Protein chains: 2
Amino acid sequence: MTLPGLRERKKQRTRNALIRVALELFTARGYEGTTVDEIVEAVEVSQRTFFRYFSSKEEVAFAVQQMVEERFVRSLGQRPPAEGPLDAMRNAVLSSWDTIGEAITAVVPVGLYLRTFQLIESTPALLAVHLRRSTEMEETIARIIAEREGVDVDADPRPRIAVAAFSGVMRVTGQMWGRGEDQSLEAIRALTEEYLDHLAPALAPHWRDRRALPDAP
Amino acid sequence: MTLPGLRERKKQRTRNALIRVALELFTARGYEGTTVDEIVEAVEVSQRTFFRYFSSKEEVAFAVQQMVEERFVRSLGQRPPAEGPLDAMRNAVLSSWDTIGEAITAVVPVGLYLRTFQLIESTPALLAVHLRRSTEMEETIARIIAEREGVDVDADPRPRIAVAAFSGVMRVTGQMWGRGEDQSLEAIRALTEEYLDHLAPALAPHWRDRRALPDAP
DNA sequence: AGGCTAGTGACAGTCGCTGACAATTGACAA
DNA sequence: TTGTCAATTGTCAGCGACTGTCACTAGCCT
C-alpha cells in the first residue's frame, strides 16, 4: 500500500476546494443565489469538471454530511450486542457526535458545517434531497438492526418500523436545533437525548391525565 | 352562491387536462422521460400557461396527492376527542382511505393515481419532493394533535415526536405497498393496520427472547 | 524518452423555469 | 348590444443546471 500519486492528491485537493468554496458561497448568498459558474470560477476549473466530481449542484452540499453518516453507520456496527435496537441507535448517534469534530475539520471548519446544516433545513430544494438521503440511510440502518437482532428484514417489519420512528425523532431534533438559539454541537447532543427520551411516552394511549414526561416525578 | 362562470370552468378544465395528460405521460414514459413541452403540446396550451397553473414540473405530479392529504386532515379534525393521539391518526387514515375513491375519480381514474403513487416512490426527484411535502403535513398534524390534547406544540415536544413516529410508519407502509404484489386500495389499508400494530412492540427494549408480535399468543 | 490514458477544458445543445409585453377573451355596466 | 375593464393566455428572450462530444494536457509506466 503506497501513498497516493500526484494525480490522486491533485484530485482530492480540487474536490475539497470545490466543497469548501461551494459551502462558503451557499451560506453567504444562499443556495439558489449561488450559481455553479460562480463556484467553478472561484476554484478556477471548468463547469464540466464540477459535474464530474458532483452529479448535481445539490450533491456538493451533502459532501460533509456524507462523512458524518458513514461515521454513524460504523459506530452502530460496533455497539455491544446486549443493547436493544433503540439503545444501540441512540448510543451510536451520541458517540459519533463526540468524535465528529476532527473528522470534519479535515475538509471544512466545523462552524461552516453547522451553518450548512441549517441552510439545508431552511432551503426547500436541499431539504427535499436531505430527506431522500435519510430514507436511504434508514434502509441501511434497518438491515444492520435486523442483523443484530437476528431477524429477516423482509419478513419482519419491526426493523424498518423501529428505524423509521427513530429517524423521525432525529429529524425533529435537527429541525428544532436549527430553529433554536444555541447552535453548538453540545446543544444538538442534549436535544437528541431529550427527544429520544420522549419517544415511548409520546406513543402512550393518553397524555392528558398525567404529564407522562420522562423527567417528571 | 351562483355556479362558477365560463371563465372559471374553462380554467378548471385546462387544469384537469394538464394533470391527467401529465400523469399519463409520466407513468407511460417515466417522469424524466417526459418533457413539459410534450405535456403542453398534448393539451394544446403554451408552456407558459403550464407554469401558471403549476409552479414546477414536479408539482403537477402531486396534484391528486394534495386532495388526499386535505381529506386526511379534515378526517383527523373530526375524530372523537376520547381517542388518544395515535388512535386518532390511525382512524383518520383508515376512514379517509374508505371514501377516497370517488373524490379522485373526479379528476383521474383511480388506477392512474395508484400508478402515479408508485412512480413517485421509485423516482428519486419525486420521492424527495414527496418527503418534503410529508414533513409539511407533519407540522400541520402536530398542531392538530396538540390542540386535541390541550398542550402547546412549541413547549411540549410530544406532538411532533408522536407524529414523526406515526408518519415514519406510514412512509414505510407506502414503500412496502409499492414493492409488493397486491396493488389495490384494500392492500394498502391492510398494511396500514398491520404496521401500526407493530409500532409500540418494535420500540420495546428487546425483541430477541420472545417474538413480541401483536398477533402472536 | 515516449507511448498510454485519466482527467480537463471548450463548445454546443437540451430542458426547466421566469420576466416582460402584447394579444385575446370572458365579465359586466351603460 | 356594445364598449370597457380585467383576467388569462401566448410569444419571445434569456438564465441556469446539466450532458455529450472531442480535442488536449499532464501524470504514469515501461
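Only a predicted model underlies this, so the values are computations on that prediction, with no experimental measurement involved. Each chain gets a letter, A, B and so on, in the order the sequences are listed, and its residues count up from 1.
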- Task: Report yes if the side chains of Ile141(A) and Met89(A) come closer than 4.5 Å at any heavy-atom pair, otherwise no.
- Result: yes
- Query: For Ala200(B), which residues count as a side-chain contact (heavy atoms from CB on, under 4.5 Å) partner, sequence neighbours excluded?
  - Reply: none
- For the helix from dA1(C)-dT30(D) to dA30(C)-dT1(D), what is the angle between the axes at its two ends, each from 5 pairs, rounded to 10°? 10°
- Query: Can Thr34(A) and Glu38(A) be said to form a side-chain hydrogen bond (donor to acceptor under 3.5 Å, both in side chains), step by step?
  - Reply: CA-CA 7 Å; Thr34(A) 308; Glu38(A) 288 168 346; 4.8 Å; no
- Query: For Asp154(B), which residues count as a salt bridge (Lys or Arg N to Asp or Glu O under 4.0 Å) partner, sequence neighbours excluded?
  - Reply: Arg160(B)
- Item | Note, Ser95(A) side chain near Asn91(A) side chain (heavy atom, < 4.5 Å) | no
- Please find the earliest and latest nucleotides of DNA chain C, in the 5' to 3' direction, that have an atom within less than 4.0 Å of any heavy atom of chain B. dC15(C) to dA27(C)
- Item | Cation-pi geometry met for Lys57(A) and Tyr31(A) (6.0 Å, 45°) | yes
- Query: Please give, in whole Å, the distance from dG16(D) P to Phe51(B) CZ?
  - Reply: 17 Å
Without placing hydrogens or testing angles, list every side-chain donor-acceptor pair under 3.5 Å for residues 162-177 of chain A, not counting sequence neighbours.
{"residue": "Ser167(A)", "atom": "OG", "partner": "Val163(A)", "partner atom": "O", "Å": "2.8"}
{"residue": "Arg171(A)", "atom": "NH2", "partner": "Glu138(B)", "partner atom": "OE1", "Å": "2.6"}
{"residue": "Arg171(A)", "atom": "NH2", "partner": "Glu138(B)", "partner atom": "OE2", "Å": "3.0"}
{"residue": "Thr173(A)", "atom": "OG1", "partner": "Val169(A)", "partner atom": "O", "Å": "2.8"}
{"residue": "Trp177(A)", "atom": "NE1", "partner": "Ser184(A)", "partner atom": "O", "Å": "3.3"}

- When you look at CD of Glu44(B), are more than 12 heavy atoms from neighbouring residues, nucleotides or ligands closer to it than 6.0 Å? no
- Item | Residue pair Phe50(A) / Val43(A), side-chain heavy-atom distance below 4.5 Å | no
- Sequence neighbours left out, what passes salt bridge (Lys or Arg N to Asp or Glu O under 4.0 Å) with Arg20(A)? Give chain and number order. Glu24(A)
- Query: Is Arg143(B) salt-bridged to Glu139(B), going by a charged N under 4.0 Å from an acidic O?
  - Reply: yes
- Set of residues satisfying side-chain contact (heavy atoms from CB on, under 4.5 Å) with respect to Thr27(B), sequence neighbours excluded: Leu112(B), Arg115(B), Thr116(B)
- What one-letter contact string describes nucleotides 22-30 of chain D from 5' to 3', where B marks a base within less than 4.0 Å of any protein heavy atom, S marks contact via sugar-phosphate atoms alone, and - marks no contact? ----BBS--
- Message: Using whole Å, what does the distance between atom C1' of nucleotide dC15(D) and atom NZ of Lys57(A) come to?
- Response: 12 Å
- Kindly state which residues belonging to residues 27-38 of chain A come within less than 4.0 angstrom of DNA chain D, counting heavy atoms of the residue only, listed by number. Thr34(A), Thr35(A), Val36(A)
- Query: What residues form a side-chain contact (heavy atoms from CB on, under 4.5 Å) with Val107(A), not counting sequence neighbours?
  - Reply: Asn16(A), Ile19(A), Met67(A)
- Message: Classify Phe50(B) by what it touches in the nucleic acid, base, sugar-phosphate, or nothing, heavy-atom distance under 4.0 Å.
- Response: nothing
- Name the closest nucleotide to the Lys11(B) side chain, picking from dT9(D), dT21(D), dC18(D). dT9(D)
- Query: Would you say dT8(D) has OP1 or OP2 under 4.0 Å from some side-chain N or O of Tyr53(B)?
  - Reply: no
- Message: What is the separation between atom CZ on Arg48(A) and atom P on dT21(D), rounded to the nearest whole Å?
- Response: 10 Å
- Query: Going by heavy atoms in the side chains, are Leu23(B) and Tyr113(B) under 4.5 Å from each other?
  - Reply: no
Please report, to 0.1 Å, the donor-acceptor pairs under 3.5 Å made by any side chain of residues 119-130 of chain B, with sequence neighbours excluded.
{"residue": "Ser122(B)", "atom": "OG", "partner": "Gln118(B)", "partner atom": "O", "Å": "3.0"}
{"residue": "Ser122(B)", "atom": "OG", "partner": "Leu119(B)", "partner atom": "O", "Å": "3.2"}
{"residue": "Thr123(B)", "atom": "OG1", "partner": "Leu119(B)", "partner atom": "O", "Å": "2.8"}

- Can you check the Arg9(B) CZ to dA7(D) C1' distance for me, whole Å? 16 Å
- Message: If I take atom CD in residue Gln12(B) and atom C1' in nucleotide dA7(D), what distance separates them, rounded to the nearest angstrom?
- Response: 16 Å
- Query: Looking at DNA chain D, which of residues 13-20 of chain A put a heavy atom within less than 4.0 Å of it?
  - Reply: none
- Item | Working for side-chain hydrogen bond (donor to acceptor under 3.5 Å, both in side chains), residues Gln66(A) and Glu70(A) | CA-CA 6 Å; Gln66(A) 175 86 29; Glu70(A) 281 161 11; 3.2 Å; yes
